[in-house]
Amino acid sequence: MLNYKKYRRNPVLNFPERTWPDKEIEKAPVWCSVDLRDGNQALIDPMVVEEKIEFFDMLVKLGFKEIEVGFPSASQIEYDFLRTLVERQLIPDDVKVQVLIQCRPHLIKRTFEALEGVKNVIVHIYNSTSTLQRDVVFNMNKEEIKNIAVEGAKMVKDYAKDFKGNLWLEYSPESFTGTEVDYALEVCEAVFDVWQPTKELPMIVNLPATVEMTTPNVYADQIEWMSTHFRERDKIVLSVHPHNDRGTGVAAAELALLAGADRVEGTLFGNGERTGNVDILNIAYNMFSQGINPELNIENVNSIIDVYERCCKIPVHPRHPYAGKLVFTAFSGSHQDAINKGIKAMKERHPDRWEVPYLPIDPSDIGRDYEPIVRINSQSGKGGVAFIMEQYFGFKLPKEMHKEFADAVQDISEKQGEVTPEQIMKKFREMYINAKEPMHFRKIKIEDISEQNDTFDTKVILTYTEDGVEKVIEGYGNGPIDAVKHGLNENTKYHTKLTLYSEHALTMGSDSQAATYIQLMNSDTGETAFGVGISSNITRSSIRAIFSAINRLFYKNR
């Protein structure tokens, strides 16, 4: 049995003044990608300089204006990467690069050496403030911990005097979620007092969920408490950096935005230490799905995946929100049916507004295709098979025909697993279109006898083969199809009733074809079967459908 008694609940914040539950996200935050530092340091095989350059270039193209490029004082490759960006002039003038530094003199000195020539930089300093780390890691009291942050801010300020570019300070009380909020505020404001930011050049205060410790609503309470207790809030950019230890990083970030956060640090697809950072793309696509401009160029998720998987050597999970290969795929029969009906209704009622069951966004908006939406396996139903036939091949099967054909496809799926659209079409041809034996329609002559006969207006001379033997019969009726049916009933052993007729154009243009679906009933047994015919002539396609149905009805075991 799980020894749950060894764990204690993390304390929550008593904050009845909260207002975030009544708010909605209305605009995108400032996005900061930390892929090249926080994400990269979590890779089994970290990126080399050229891979980091490729990734950086992608982030710029995606529209990120703040990009954390690494920890240049931590390793030579991090240092070399930043210098390469500068020397190759790869940093656009409107992009701020962010560098992370521990509050130590030699690390700050090394970082500013790497920054020479950078036009816009965010210098990010941090130290851990949590109750647990103060006790077991640093063995320091609150005043000593605060002093680390203050001294770090002073050192950065000294070096900033000689820095020729634009510089913003970011301070993070690391492990904020495990820190008393009043103490976190005290430390942040002590750094604020040293830095002396202005409204024009504000200071970034980053409040990380370095480890997710409780539910997202508690994080939101902590963020709103901090946001409403800063002395000069208008001189602060309030940033969050959620991790995903409890699997709620996206929810925590979204609630934090409701609670007053201005900025989100995260990674593409949630890469990072342990269970990862918050997935920026996930949040951005969530906003997009609600009609909010995410302020990122994320129209082609496949190209993002290509660079990410190549540089990070980590595959995107097939069920990953928005990006996974299977997220716009329905195997469930009821889901397939709802998607099919939803797309039809949307096209008829309001093609300018996306409303389709089970599909929160239009896959084509992010570079995905409609084709993978419905896939067929043993769990699929008749609606899914009908959807494939219409979307891929243009056949609009009558509703009464869905189950008959879907049952045949399910037999295949139960033997082999997923069935491809090509296999479905192959089975359709085999069952219906190519059902031409033993009764095979060859030709027909149609004569208008409306002026000669009071009962019927059409005479047909029908030529067909039965087991290879040619036969010719006459038939009379009100129209060619009726005449063929009467002729077969009166001159052969095949006595049927036509119980359903449906047809539609299969292709458009001068060479268009028609598809006809006919259901016949055996007049003696009551059994029914469908037949399908295709021709550029609607009459011929209908007659082919009759012969297809006869062969399937009377020779189904042949």
statement: What one should report as the nearest heavy-atom pair of F56 and L85 is CD2-CD2, 3.7 Å
- request: Would you check if M58 and L62 make a side-chain contact, meaning some heavy-atom pair closer than 4.5 Å?
  value: yes
query: Minimum heavy-atom separation for G477 to F456, with atom names?
result: CA-CD2, 3.3 Å
query: Around atom CD of E451, are there more than 12 heavy atoms of other residues, nucleotides or ligands at under 6.0 Å?
result: no
task: Verify whether the ring centers belonging to Y464 and H440 lie closer than 6.0 Å.
output: no
message: Let's go through W20 and I223 carefully: what are the C-alpha distance in whole Å and the side-chain angles of both, what is the deciding distance for side-chain contact (heavy atoms from CB on, under 4.5 Å) to 0.1 Å, and is it a yes or a no?
response: CA-CA 10 Å; W20 62 262; I223 297 303; over 6 Å; no
task: Run the salt-bridge test on E404 and R552 with the 4.0 Å N-O cut-off and return the result as yes or no.
output: yes
- line: Smallest heavy-atom separation, Q416 atom then Q423 atom, equals NE2-OE1, 2.9 Å
Close side-chain approach of I546 and L488, heavy atoms under 4.5 Å: yes
- prompt: Counting only N and O atoms by type, is there a donor-acceptor contact under 3.5 Å from the side chain of S548 to the main-chain atoms of R544?
  reply: no
message: I'd like to know if the side chain of H243 pairs up with that of N277 as donor and acceptor (distance under 3.5 Å, no hydrogens or angles considered).
response: yes
Validation row: E437, N551 side chains within 4.5 angstrom (heavy atoms): no
field: Ionic contact status for E51 with K313, cut-off 4.0 Å
entry: yes
- request: May I ask you to decide if the ring planes of Y322 and Y285 are parallel, tilted or perpendicular, using 30° and 60° as cut-offs?
  value: tilted
query: Once you round to the nearest 0.5 Å, how far does CG of N40 lie from CG of D35?
result: 9.0 Å
- prompt: Are Y501 and Q519 side-chain neighbours, meaning at least one heavy-atom pair lies under 4.5 Å?
  reply: no
query: Is the Y494-F554 ring centre distance short of 6.0 angstrom?
result: yes
Residues 265-272 side chain polar contacts: donor-acceptor under 3.5 Å, at least two apart:
from, atom 1, to, atom 2, distance (Å)
E265, OE1, H241, ND1, 2.7
E265, OE2, Q98, NE2, 3.1
E265, OE2, R263, NH1, 2.8
T267, OG1, N271, N, 2.9
T267, OG1, N271, O, 2.7
N271, ND2, G39, O, 3.1

task: Might you work through the salt bridge (Lys or Arg N to Asp or Glu O under 4.0 Å) test for E50 and R88, ending with a clear yes or no?
output: CA-CA 12 Å; E50 290 304 320; R88 294 189 190 176; 2.8 Å; yes
message: Are Y432 and F530, when compared by the centres of their aromatic rings, separated by less than 6.0 Å?
response: no
- prompt: Going by heavy atoms in the side chains, are I314 and Y308 under 4.5 Å from each other?
  reply: yes
- request: Spell out, as yes or no, whether a donor-acceptor pair under 3.5 Å connects the side chain of Y517 to the backbone of M401.
  value: no
- prompt: Once you round to the nearest 0.5 Å, how far does OG1 of T463 lie from CD of E470?
  reply: 5.5 Å
message: Checking the side chain of E212 only, and the main-chain atoms of T248 only, is there a donor and an acceptor separated by less than 3.5 Å?
response: yes
message: Checking side-chain polar atoms at under 3.5 Å, does S364 have a donor or acceptor matched by the opposite partner on D362?
response: yes
Donor-acceptor under 3.5 Å (N302 side chain, G367 main chain): yes
message: Does atom NZ (K497) have a neighbourhood of more than 12 heavy atoms from anything else shown, all under 6.0 Å?
response: no
From CA spacing to verdict: side-chain contact (heavy atoms from CB on, under 4.5 Å), F288, D365: CA-CA 10 Å; F288 172 72; D365 282 337; 3.8 Å; yes
Candidate list K341, K344, K347, test salt bridge (charged side-chain N to carboxylate O under 4.0 Å, His left out), partner E390, passing option: K344
message: I'd like to know if the side chain of D94 and the backbone of K65 have a donor-acceptor N/O pair within less than 3.5 Å.
response: no
message: Has N297 got a side-chain atom pairing as donor or acceptor with K61's backbone, closer than 3.5 angstrom?
response: yes
- line: Given the options L281, I361, V250, N286 meets side chain to side chain contact (heavy atoms under 4.5 Å, CB included) only with V250
field: Closest approach of V385 to I424 (non-hydrogen atoms, all atoms of both residues)
entry: CG1-CG2, 4.3 Å
- request: Show the numbers, then the answer: is there a salt bridge (Lys or Arg N to Asp or Glu O under 4.0 Å) between R310 and D306?
  value: CA-CA 6 Å; R310 182 167 58 254; D306 288 344; 5.9 Å; no
- prompt: What heavy-atom pair brings I77 and M47 nearest, and what distance separates the two atoms?
  reply: CD1-O, 3.6 Å
message: Between D407 and K403, does any NZ, NE, NH1 or NH2 come within less than 4.0 Å of an OD or OE carboxylate oxygen?
response: yes
query: Are any side-chain N or O atoms of D457 and backbone N or O atoms of G479, one a donor and one an acceptor, separated by less than 3.5 Å?
result: yes
Separation of I543 CD1 from K485 NZ (nearest 0.5 Å): 13.5 Å
field: Evaluation steps, side chain to side chain donor-acceptor pair (under 3.5 Å), between D279 and H320
entry: CA-CA 10 Å; D279 180 354; H320 196 100; 2.7 Å; yes
message: What I'd like to find out is whether the side chain of P92 reaches to under 4.5 Å of the side chain of V60, using heavy atoms alone.
response: yes
message: With no hydrogens and no angle check, just 3.5 Å: does a side-chain donor-acceptor pair link S541 and T516?
response: yes
query: Residues in side chain to side chain contact (heavy atoms under 4.5 Å, CB included) with R353, at least two apart?
result: H350, E355
Within 6.0 angstrom of E24 CD, more than 12 heavy atoms from elsewhere: no
query: Any idea how F547 and F441 line up, ring-wise: parallel (<30°), tilted (30 to 60°), or perpendicular (>60°)?
result: tilted
- line: In this structure, CD of E503 is separated from CD1 of I534 (nearest 0.5 Å) by 13.0 Å
message: Working to the nearest 0.5 angstrom, can you tell me the gap between I67 CD1 and S33 OG?
response: 6.0 Å
- line: For C311 and L43 the tightest heavy-atom approach is O-CD1, 4.4 Å
message: Treating K52 as the side-chain partner and L36 as the backbone partner, does any N or O pair qualify as donor plus acceptor under 3.5 Å?
response: yes
- prompt: Between the side chain of T275 and the main-chain N/O of N244, is any donor-acceptor distance below 3.5 Å?
  reply: yes
message: Closer than 3.5 angstrom, by distance alone: can the side chain of H402 be matched with the main-chain N or O of L397 as a donor-acceptor pair?
response: yes
- prompt: Do W354 and V356 have side-chain heavy atoms sitting under 4.5 Å apart?
  reply: yes
Value rounded to 0.5 Å, distance of CG in N478 from NE2 in H486: 8.0 Å
message: Apply side chain to side chain donor-acceptor pair (under 3.5 Å) to residues T458 and E447 and explain how you reach the verdict.
response: CA-CA 6 Å; T458 304; E447 182 180 346; over 6 Å; no
task: Answer whether the closest heavy-atom distance between the side chains of V95 and F64 falls below 4.5 Å.
output: no
